[in-house]
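Can you keep this structure in mind? I'll have questions shortly.
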Amino acid sequence: ASLETFCYPLFYGWFPHHTFRDQLEGLAKDFLKTLDSLEAFKKHISDFTPKGEEVVNLEQYFQHTGPLHCTTKFCDYGNAPGAKEYIESQIVQQRYGSVTELELPALFLTPRTLGVRVALTLEQLQLWPSDAEAGTTLPRGSRGHITLGCAQGVEPVQTGVDLLQILQLQQQGREGEAVGDLEQGQLTYYGDGVWVLTLRESRVGPALFSSFHC
Ligand code: A2P
């Protein structure tokens with residue numbers, strides 16, 4: 001194999017600028033603090049504590065390592081289906097190293113993952129793999145998200161799976177329980193530990209299209 005093939009990345013994605021990243025981490029922290037203090041959340045705390053504990057420190061519950069990013073294509077160093085075609089595609093080569101603006105309309109949290117949804121533009125969808133929403137009837141790009149944290153023993157790939165499940169519930173007309181108007185936005189509970197905060201104002205910030213190799 002050529003040296004280039006040898007160096008195929010783990011994944012491609014958009015990496016928020018560090019100032020935007022700090023803003024997102026602050027947003028997530030505030031969200032968890034607010035949830036922690038809500039009676040409505042305490043009422044459903046057993047979703048997060050199978051052993052029946054009464055308190056959960058959400059900031060410790062969700063852990064994150066590595067740079068925050070919105071994965072476009074998971075390549076697994078070239079082993080993932082379609083990785084080679086994606087890496088060698090003209091659009092990926094063209095856009096590599098370019099900066100785009102990401103729009104983040106909502107935060108979501110489940111007993112497994114904490115993430116923020118990314119609303120992709122048509123231009124950004126050109127970098128989106130065709131199979132990301134496979135097995136659903138959701139529009140392309142629905143899976144767009146940034147993983148902000150995972151529960152112990154949960155792999156980050158779960159965040160996209162959780163998001164697709166939430167969007168499918170919404171697609172089926174499940175309205176969820178409107179829990180409250182928070183300072184940051186509208187909080188909805190969908191049952192089974194699934195919470196969505198629709199932001200009053202989408203967060204928007206710059207991100208670099210690049211790849212990750214470690
Ligand atoms: P996500 O994009 O939801 O954060 P890992 O550390 O497990 O190798 O994953 C590296 C990154 O690639 C993570 O960001 C992860 O999820 C994403 N990822 C891992 N596996 C897949 C997959 N099968 N499909 C899509 N994205 C994946």
Side-chain angles (χ1 to χ4, degrees), residues 6-18 20-25 27-29 31-32 58-59 61-87 89 91-92 95-96 100 102-121 124-169 193-197 203 205 207-214:
F6 186 67
C7 292
Y8 280 167
L10 181 60
F11 62 85
Y12 282 76
W14 293 290
F15 297 78
H17 185 265
H18 64 89
F20 189 36
R21 178 204 63 204
D22 291 349
Q23 207 186 324
L24 291 179
E25 282 175 346
L27 178 74
K29 214 171 167 172
F31 177 47
L32 295 185
L58 289 176
E59 280 187 58
Y61 187 92
F62 292 106
Q63 294 292 329
H64 186 266
T65 51
L68 284 193
H69 63 275
C70 172
T71 304
T72 53
K73 175 71 183 170
F74 179 70
C75 294
D76 193 17
Y77 307 111
N79 297 317
K84 188 170 182 289
E85 292 72 19
Y86 184 85
I87 295 166
S89 70
I91 191 78
V92 167
R95 296 271 177 84
Y96 196 79
T100 189
L102 291 185
E103 184 189 336
L104 317 177
L107 286 162
F108 57 95
L109 176 151
T110 78
R112 299 163 298 278
T113 63
L114 169 67
V116 60
R117 203 177 162 192
V118 181
L120 300 174
T121 64
Q124 288 164 349
L125 278 174
Q126 294 179 320
L127 292 167
W128 200 248
S130 54
D131 60 354
E133 289 81 22
T136 76
T137 54
L138 296 165
R140 279 190 72 225
S142 294
R143 191 187 182 125
H145 69 277
I146 296 173
T147 298
L148 297 170
C150 290
Q152 206 178 9
V154 174
E155 299 284 335
V157 65
Q158 185 65 39
T159 318
V161 176
D162 284 356
L163 174 58
L164 289 178
Q165 262 173 22
I166 293 169
L167 296 175
Q168 279 175 300
L169 287 179
V194 174
W195 298 82
V196 176
L197 179 73
R203 297 301 190 278
L208 178 75
F209 180 60
S210 186
S211 57
F212 184 84
H213 294 256
C214 257

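All values derive from a computational prediction rather than experimental measurement. Start at 1 and go down the list; that is how both ligands and their atoms are numbered.
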### Summary
All heavy atoms of P16 vs all of L68, minimum pair found to be CD-O, 3.2 Å
### Query
So, is T71 polar-close to ligand 1, with some N/O to N/O distance under 3.5 Å?
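Such a contact does occur with ligand 1.
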### Under the side-chain hydrogen bond (donor to acceptor under 3.5 Å, both in side chains) test, residues paired with H145 that sit two or more places apart
none
### Task
For F11, take its heavy atoms, then give the atoms of ligand 1 lying under 4.0 Å from any of them.
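Matching atoms, with element in brackets: 10 (C), 11 (C), 12 (O).
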### Message
Any atom of ligand 1 sitting under 4.0 Å from a heavy atom of H145?
### Response
yes
### Query
Looking only at heavy atoms, which two atoms of L102 and F20 are closest? And how far apart?
O-CZ, 4.1 Å
### Query
Hey, are the side chains of N79 and Y8 touching, using non-hydrogen atoms and a 4.5 Å cut-off?
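A side-chain contact is absent here, since even the closest heavy-atom pair is not under 4.5 Å.
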### Message
Starting from atom 5 (P) of ligand 1, what is the nearest protein heavy atom, named by residue and atom, and what distance separates them?
### Response
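For atom 5 (P) of ligand 1, the nearest protein heavy atom comes out as P156 CG, 4.1 Å.
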### Message
Using side-chain heavy atoms (C-beta onward) and a distance below 4.5 Å, is Y12 in contact with L127?
### Response
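No, side chains not in contact.
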### Query
If you look at every heavy atom in Y86 and T72, which pair is closest and at what distance?
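The pair with the smallest heavy-atom distance is OH-OG1, 2.9 Å.
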### Query
Is there a side-chain contact between E133 and L164, using heavy atoms and a 4.5 Å cut-off?
yes
### Task
For ligand 1, indicate whether the residue L10 contacts it via side chain, backbone, both or neither (heavy-atom separation under 4.0 Å).
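For L10, only side-chain atoms sit under 4.0 Å from ligand 1.
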#### Entry: Protein residue, atom and distance nearest to atom 12 (O) of ligand 1, heavy-atom basis
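Ranked first by proximity to atom 12 (O) of ligand 1 is F74 CD1, 3.2 Å.
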### Task
State the atoms of ligand 1, each with its element, that fall below the 4.0 Å cut-off from a heavy-atom position in E155.
7 (O)
### Heavy atom of the protein closest to atom 22 (C) of ligand 1 (residue, atom name, distance)
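Result: V157 CG2, 3.4 Å.
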### Message
Can you pull out every salt bridge (Lys or Arg N to Asp or Glu O under 4.0 Å) where at least one residue sits in residues 148-165? Sequence neighbours excluded, please.
### Response
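Listed by first then second residue: R112-D162.
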### T147 neighbourhood, listing ligand 1 atoms whose heavy-atom distance to it stays under 4.0 Å
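Going through ligand 1 atom by atom, the ones under 4.0 Å from T147 are 1 (P), 3 (O), 4 (O).
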### Query
How far is atom 13 (C) of ligand 1 from its nearest protein heavy atom, and which residue and atom is that?
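I find the closest protein heavy atom is H69 NE2, 3.8 Å.
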### Message
Using a 4.0 Å heavy-atom cut-off, which part of Q158 comes near ligand 1: side chain, backbone, both, or neither?
### Response
neither
